[in-house]
Amino acid sequence: MTHSASASPLTARRATALQGTLRIPGDKSISHRAFMFGALAEGETRITGLLEGEDVLNTGKALAAMGTHIRKDGDTWILNGAGNGCLLEARQPLDFGNAGTGARLVMGLTGTYDMQTSFTGDASLSRRPMARVLDPLRLMGVQVGAATGDRLPLTLHGPKTANPILYRVPMPSAQVKSAVLLAGLNTPGITTVIEPVMTRDHTEKMLQGFGADLQVETAASGERTIHLAGQGILRGQTIDVPGDPSSAAFPLVAALLVPDSDITIYNVLMNPTRTGLVTTLMEMGADITLLNERTSGGETVADLRVRGSELKGVTVPPERAPSMIDEYPVLSIAAAFAKGKTVMTGLEELRVKESDRLSAVANGLKANNVLHEEGRDSLVVEGRPDGKGLGGGLVTTHLDHRIAMSFLVMGLAAEKPVSVDDGAIITTSFPQFSTLMQQLGADIS
Ligand code: S3P
């Protein structure tokens, strides 16, 4: 299946100052998990601020197909969970559309059940590697039926009793870590996950909040060992999802690049595993002020005031990649307007996102006359602070929402307009993107 709307091109034109305030939709990672853990909890889970993008709604549909009651009352989503270990066999294949997080985490969630679950997705998701999740599931006793090289469509069938494993995650991936932990929820004994490099920690924090018996040890090297006792009881929670920093990134970079802009983005998640872009932009000279920093539901949030800035190129340390993995496309746009070179390394995971993002970004930069050099796992961008000569290209998005939004941001600052072949894919993560940007004064249509 493809995303519900058909492809529709969009064009962004050079803007004068962006002004105003905005509230961006809820964090995608936390929204998926709020649905999933609510589905496994006893009693009621109430969620406000949920991201109502296609990715998260597909996860909701999958959970409903396995026995969770989900409804919406005003602004609140209310789940009556099936209970841990109590999901029912879905009658139809679960369709995750474009969403790697939805598909991979639900593979963990249902994989250890003694039942059959089938997974499908759109053309982008069907190209993405699933072995990274299927390999640990196989060690736990899960049978996998996949036609082509551990990619979607595929079917899982769990054993009578799953085997608790100790698993060292071979690549920095919160999705893999989470899938193994979620499989451990329906497994007797202790499931242990070791992550040599810390990735977003929403699964650990939220499972603890739902009452799971989960402990984390952090070694001096930064390596984390996570122990989860399986088959415990989760209890329904009240969750207010903070704004998604990965969506905030687009108006943020747009305001930095359009001279004389001054915007404030409210209620943005500032979990340190997600703030690599803000850190990097500040090193580049960005005028970003964190206002009203506070704690909400165990997470730090802040309002971000962003003003038009003259940026300079920097070298981004590769160890920062996990905390900004989804933000490299839009950082590359900031780099295209910075003085000097921006050097980004350690980007191998970008090749297996919704598109091969390294190549999609490089092609988009090329189409818009930005000097750059693409390596196997690196990108160097030579900036042009006045935007002269930049733009004028049509960018292929390859069913990747972040490629679409990044290049539309470019069009707001480049000399010539920038077009993307498909703006409809943006609804997977940020349905209000064009409307909110227009309210700030952007010309995107
Ligand atoms: C996510 C983890 C990251 C990220 C994705 C969301 C999550 O993927 O790119 O958008 O919610 O766990 P990887 O685990 O593949 O790095």
Side-chain angles (χ1 to χ4, degrees), residues 25-37 50-51 53-56 58-59 96-109 121 124-125 127-136 151 167 169-183 193 195-207 224 226 241-242 244-250 269 271 273-277 299 318-331 346-358 360-361 377 399-403 405-406 425-426 428-430:
D27 186 66
K28 181 151 73 76
S29 296
I30 294 181
S31 296
H32 277 296
R33 287 160 175 83
F35 262 178
M36 290 180 202
F37 303 161
L50 186 93
L51 167 63
E54 285 180 4
D55 280 11
V56 173
N58 281 331
T59 289
F96 288 92
N98 191 252
T101 307
R104 291 189 177 127
L105 268 59
V106 172
M107 284 180 198
L109 200 71
S124 153
L125 190 56
R127 278 192 295 267
R128 298 180 68 183
M130 296 296 154
R132 50 182 56 204
V133 169
L134 300 177
D135 287 345
R151 286 179 162 74
Y167 194 70
V169 182
M171 68 289 289
S173 168
Q175 292 179 357
V176 176
K177 164 179 67 178
S178 302
V180 179
L181 289 172
L182 298 192
V193 178
E195 62 169 3
V197 182
M198 186 172 183
T199 59
R200 66 191 67 195
D201 58 355
H202 308 305
T203 297
E204 299 91 298
K205 281 178 132 173
M206 290 177 70
L207 277 179
R224 297 169 80 239
I226 306 157
V241 183
D244 194 330
S246 300
S247 298
F250 301 105
L269 174 69
N271 177 315
T273 63
R274 303 288 300 280
T275 50
L277 177 73
E299 292 286 5
E319 59 276 13
R320 197 178 287 161
S323 68
M324 52 183 293
I325 194 66
D326 290 337
E327 281 69 78
Y328 283 100
V330 77
L331 175 65
L347 307 185
E348 56 277 5
E349 279 295 304
L350 290 196
R351 299 233 178 246
V352 290
K353 294 294 177 189
E354 285 83 331
S355 65
D356 174 344
R357 279 194 179 148
L358 202 39
V361 167
D377 64 352
L399 287 178
D400 189 330
H401 52 130
R402 299 199 201 282
I403 297 299
M405 289 185 276
S406 297
I425 192 67
I426 294 171
T428 59
S429 73
F430 194 171

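Along the sequence shown, residues are numbered consecutively beginning with 1. Whatever order the structure lists ligands and atoms in, that order sets their numbers, starting from 1.
Remark: ligand 1 atoms within the under-4.0 Å shell around heavy atoms of S173 are 13 (P), 14 (O), 15 (O), 16 (O). In the vicinity of D326, heavy-atom distances shorter than 4.0 Å reach the ligand 1 atoms 4 (C), 5 (C), 9 (O), 10 (O). Which parts of ligand 1 touch T101 is read off a 4.0 Å heavy-atom cut-off, strictly below it: atoms 1 (C), 5 (C), 6 (C), 7 (C), 11 (O). Here is the list of ligand 1 atoms found below 4.0 Å of a heavy atom in I325: 9 (O).
Judged by distance alone, the side chain of T428 and the main-chain N or O of I425 form a donor-acceptor pair under 3.5 Å. No donor-acceptor pair under 3.5 Å is formed between the side chain of R357 and the backbone N or O of L350. Judged purely by atom type and a 3.5 angstrom limit, D400 uses its side chain to pair as donor or acceptor with the backbone of S355. S323 places no side-chain N or O within donor-acceptor distance of the main-chain N or O of T275, the cut-off being under 3.5 Å. Between the side chain of K28 and the main chain of T101, no donor-acceptor pair closer than 3.5 Å is present. Of the possible donor and acceptor atoms, one in the side chain of N98 sits under 3.5 Å from a partner among the backbone N and O of L399.
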Criterion side chain to side chain donor-acceptor pair (under 3.5 Å) on S246 and E327, from CA distance to verdict
CA-CA 6 Å; S246 300; E327 281 69 78; 2.9 Å; yes

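Nearest non-hydrogen protein atom to atom 11 (O) of ligand 1 is S29 OG, 2.7 Å. Of the protein's non-hydrogen atoms, the one nearest atom 12 (O) of ligand 1 is R33 NH2, 2.7 Å. The shortest contact between atom 3 (C) of ligand 1 and any protein heavy atom is with K353 NZ, 3.8 Å.
A heavy-atom separation below 4.0 Å is not found between K177 and ligand 1.
Taking CD1 from I30 and CG from N271, the interatomic distance works out to 7.0 Å, rounded to the nearest 0.5 Å.
Residue-level proximity to ligand 1 for H32 is absent, since no heavy atom of it falls below 4.0 angstrom. Contacts between R200 and ligand 1 below 4.0 angstrom, taking non-hydrogen atoms only, involve the side chain exclusively.
Considering backbone and side-chain atoms together, L105 places no N or O closer than 3.5 Å to any N or O of ligand 1. Considering both main-chain and side-chain atoms, E349 never comes within under 3.5 Å of ligand 1 through any nitrogen or oxygen pair. Ligand 1 has an N or O atom lying under 3.5 Å from an N or O atom of Q175, backbone or side chain.
When each of R33, E204, H32 is tested with S178 by the rule side chain to side chain donor-acceptor pair (under 3.5 Å), just one qualifies, namely R33.
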